[in-house]
Amino acid sequence: MIRRLAVAVRRGLISARRQAIAAAAGLCALGAAGLLAAPAVAGAAEGRLYWSAYGVVETPAAIRYGSLTGGPFSTLFSEGPVLVSEKHEPVETEGVVLDPASGKLYWADEKTGAIMQASLSGQGTPSVLYQEPTTPTAARPDGLAIDPQTGSLYWTNEGSGEIREGEVSGTAARTLYSKEFEPVGITLDAATGTLYWADYTAGEIRAGASGGGEAKTLYTEEISGKPDGLVGVAVDEGNGDLYWSNYTTRQIVAGSVLGEGAAKSSVLYTEPEKAGVFGLALEPASGTLYWADFESGQLRTGRVGGEKEVAASTLFAESPTDEPDFLDLLLAPSATAAPTLSGSAQVGHALSCSQGSWAADQPGSSLYRSPTSFTYAWLRDGSAIAGADSSSFTPSEGGSYTCQVSATNAAGSSASASAAVNVPAPAPSVTISAPASGGTYTEGQLVATSFSCLEGAGGPGLSSCDDSNGTSTGAGGAGHLSTSIPGAHTYTVTALSKDGQSASASISYTVVAPPVPVIRIASGKASVVRGRAKVSLACVGKASCSGRLLLELRVKVVARRRGRRRKVHFETVVLGRASYSLAAGAHRLLVVKLTKRALKLLTSAKHHRLRVIAQGSVKGGRSVKRSLMLVLGSGKVKGHLRKG
């Protein structure tokens with residue numbers, strides 16, 4: 001290759017040319033350690049630039065990278081303990097491509113005829129994936145392209161004039177196109193399955209299907225009537241623009257993938273004397289081009305609009321002996337669709353989070369951005385959930401849940417969040433701790449209950465907690481069973497949440513008639529008319545009831561004695577009594593004649609109401625007591641009292 005034949009001559013001029021380049025750029029050459037020579041073009045995306053340093057005599061071959069925002073560059077692999085052939089011969093690194101999804105990178109070794117592979121992290125030792133024949137006419141693989149989706153590699157062999165294909169798995173390589181002159185740079189438009197390559201000697205931009213067939217010439221460039229010098233090539237898959245570099249004329253040129261029939265090519269940039277433009281990379285979103293200057297050791301950048309829009313600038317400056325040739329862009333992942341949540345939106349049911357969609361690699365532009373790994377974070381009501389870092393999560397309480405996916409590659413990370421999914425809080429729960437279900441109780445027996453209500457996890461709180469006998473509390477407490485009527489019964493406690501959800505718990509029980517007669521005195525009011533109180537009685541049990549009903553009142557009595565302090569005591573006053581007789585299961589209103597003292601107390605009582613104790617005795621049974629409210633029901637009582 002012509003540019004290789006000039007190496008020996010160039011080496012004699014290295015020292016003088018290095019000073020001239022540094023003076024022209026306003027920089028100091030710092031050798032392979034790297035430096036930021038000028039700021040990146042405005043609008044360029046953040047990420048990394050990878051390139052191969054050819055390396056032949058003074059400087060070892062290397063794979064390097066640096067940030068698109070500037071700063072010192074780094075060496076990923078270098079000749080010596082790593083980049084030497086099995087025969088320990090010097091190597092000459094050429095085309096380099098990235099596969100961030102698998103965490104690998106590949107490059108061509110022109111010297112040994114190998115297609116190499118290594119970890120994108122820089123760990124481990126590179127290995128030979130393919131070994132091309134090393135005869136003088138068959139060696140020298142140069143440009144390299146990749147289809148990350150299919151795992152296909154494509155390379156030019158400038159020695160044999162072939163376009164070759166192999167798989168990243170290392171299966172046998174095959175020739176797609178032959179009888180080319182001296183193909184160098186190559187790229188793939190994955191959207192159309194078209195390969196584009198630059199033929200150095202023929203001065204042509206050629207195109208052909210990635211599966212092989214018949215190639216065609218899109219552009220031919222002549223220098224002084226002789227075609228010569230095309231090296232790097234890149235394609236904008238979105239709009240069909242082609243870009244290539246002319247090593248001999250030091251120019252960056254643009255055209256259409258349709259060839260000269262669509263539009264004439266145009267020169268975007270012409271680099272200074274002694275430059276040697278080589279590999280290209282393109283960031284279509286910002287319209288930024290990057291290229292390697294093989295002669296000056298610089299990595300340059302400019303806008304696709306050319307010098308009229310903004311002048312090209314130097315991003316990195318290696319030593320001129322490094323001879324950078326091909327380069328790639330690695331950007332942090334970019335989300336194209338948010339992750340989605342699937343599963344049942346219920347407490348206790350798992351939710352699954354997809355990875356979302358991320359921008360694909362654009363190998364035609366030597367632009368890569370596929371994620372290498374994903375991490376997950378779950379949020380409830382906007383706050384991160386500690387330890388929730390897998391693609392699935394099971395909510396234990398109600399709330400608004402989102403999943404955030406962070407995609408990472410060697411250039412950085414970016415996050416994308418799902419739409420929120422509302423998981424309702426579970427319904428409240430109810431527990432009846434006493435008595436146990438299934439009990440049997442005697443009619444009239446006092447049976448205490450104990451119950452509690454609990455709001456569902458993440459709920460807004462309880463509105464009420466009530467039992468079926470009218471006991472109402474905020475969250476639980478004590479109540480009683482209703483045992484006034486024999487038979488089967490159900491006791492229920494119901495909890496109501498502030499969001500309208502409810503829950504209940506029940507126990508069953510049985511009430512049986514007592515084995516001995518029992519008199520029942522109805523609670524409530526007993527109306528007093530014409531000096532008589534009417535009290536409702538019932539006979540419970542299997543035998544008749546007979547006995548006496550006594551109305552009593554405990555009153556405070558104050559006795560005054562001359563010369564002494566007053567003395568206070570309490571006594572029980574009988575307000576009235578009456579006998580009764582009831583058949584088993586019968587009930588009646590028993591009329592009790594009140595004493596004059598009783599009527600006097602009732603008349604003077606507040607609102608003519610007097611709470612008394614009704615005590616009923618039962619022959620052959622047990623006595624019962626009940627609190628009653630005597631209520632004066634007629635004004636005629638006063639007249640009666642006056643008569644008495």
Side-chain angles (χ1 to χ4, degrees), residues 50 52 63 93-110 113-120 126-133 138 140-158 160-178 180 183-199 205-216 232-238 242 257 279-282 326-330 358-372 409:
Y50 288 76
S52 54
I63 303 295
T93 58
E94 287 280 3
V96 58
V97 293
L98 312 180
D99 188 3
S102 65
K104 290 186 175 182
L105 76 160
Y106 305 87
W107 66 87
D109 181 352
E110 187 185 55
I115 303 298
M116 304 293 293
Q117 64 178 352
S119 170
L120 189 55
S127 60
V128 175
L129 183 64
Y130 289 99
Q131 181 63 61
E132 293 284 75
R140 301 184 1 227
D142 210 325
L144 191 63
I146 188 173
D147 186 341
Q149 298 299 316
T150 64
S152 296
L153 286 170
Y154 305 90
W155 62 90
T156 60
N157 193 318
E158 60 177 294
S160 65
E162 294 177 331
I163 308 299
R164 303 269 284 162
E165 178 195 22
E167 304 296 324
V168 294
S169 59
T171 56
R174 67 189 182 107
T175 298
L176 298 178
Y177 300 93
S178 60
E180 299 294 307
V184 184
I186 187 171
T187 194
L188 168 71
D189 185 339
T192 62
T194 304
L195 291 168
Y196 299 92
W197 62 90
D199 194 306
I205 298 297
R206 304 267 286 161
S210 60
E214 184 176 349
K216 62 180 179 179
V233 61
V235 61
D236 186 339
E237 299 176 4
L242 268 176
V257 294
L280 293 177
L282 169 67
F326 289 100
L327 66 165
D328 293 300
L329 290 170
L330 179 66
W358 301 85
D361 296 327
Q362 296 175 257
S365 300
S366 295
L367 169 63
Y368 305 91
R369 59 176 53 176
S370 293
T372 301
N409 61 25

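- Without hydrogens or angle criteria, Thr187 side chain to Ala234 main chain gives no donor-acceptor distance under 3.5 Å.
- Distance alone, capped at 3.5 Å, places no donor-acceptor pair between the Asp189 side chain and the Gly364 backbone.
- Atom CG of Leu120 sits about 6.0 Å away from atom CG of Leu330, to the nearest 0.5 Å.
- Of the possible donor and acceptor atoms, none in the side chain of Asp99 sits under 3.5 Å from a partner among the backbone N and O of Leu105.
- The backbone N or O of Pro100 sits less than 3.5 Å from a side-chain atom of Thr372, completing a donor-acceptor pair.
- At a threshold of 4.5 Å between non-hydrogen side-chain atoms, the residues Glu94 and Arg140 do not count as touching.
- Ring to ring, Trp155 and Tyr130 are close: their centroids are under 6.0 angstrom apart.
- A distance of 10.0 Å separates CD1 of Ile146 from OH of Tyr154, quoted to the nearest 0.5 Å.
- Separating the OG1 atom in Thr194 from the NZ atom in Lys216 is a distance of 8.0 Å, to the nearest 0.5 Å.
- At distances below 3.5 Å, not a single donor-acceptor pair connects side-chain atoms of Tyr50 with backbone N or O atoms of Val97.
- Not a single donor-acceptor pair under 3.5 Å links the side chain of Thr156 to the backbone N or O of Ile163.
- Partners of Asp199 according to the side chain to side chain donor-acceptor pair (under 3.5 Å) rule, which considers only residues two or more places apart in sequence or in another chain, do not exist here.
- In this structure, Glu237 has no side chain to side chain donor-acceptor pair (under 3.5 Å) partners at least two apart in sequence or on a different chain.
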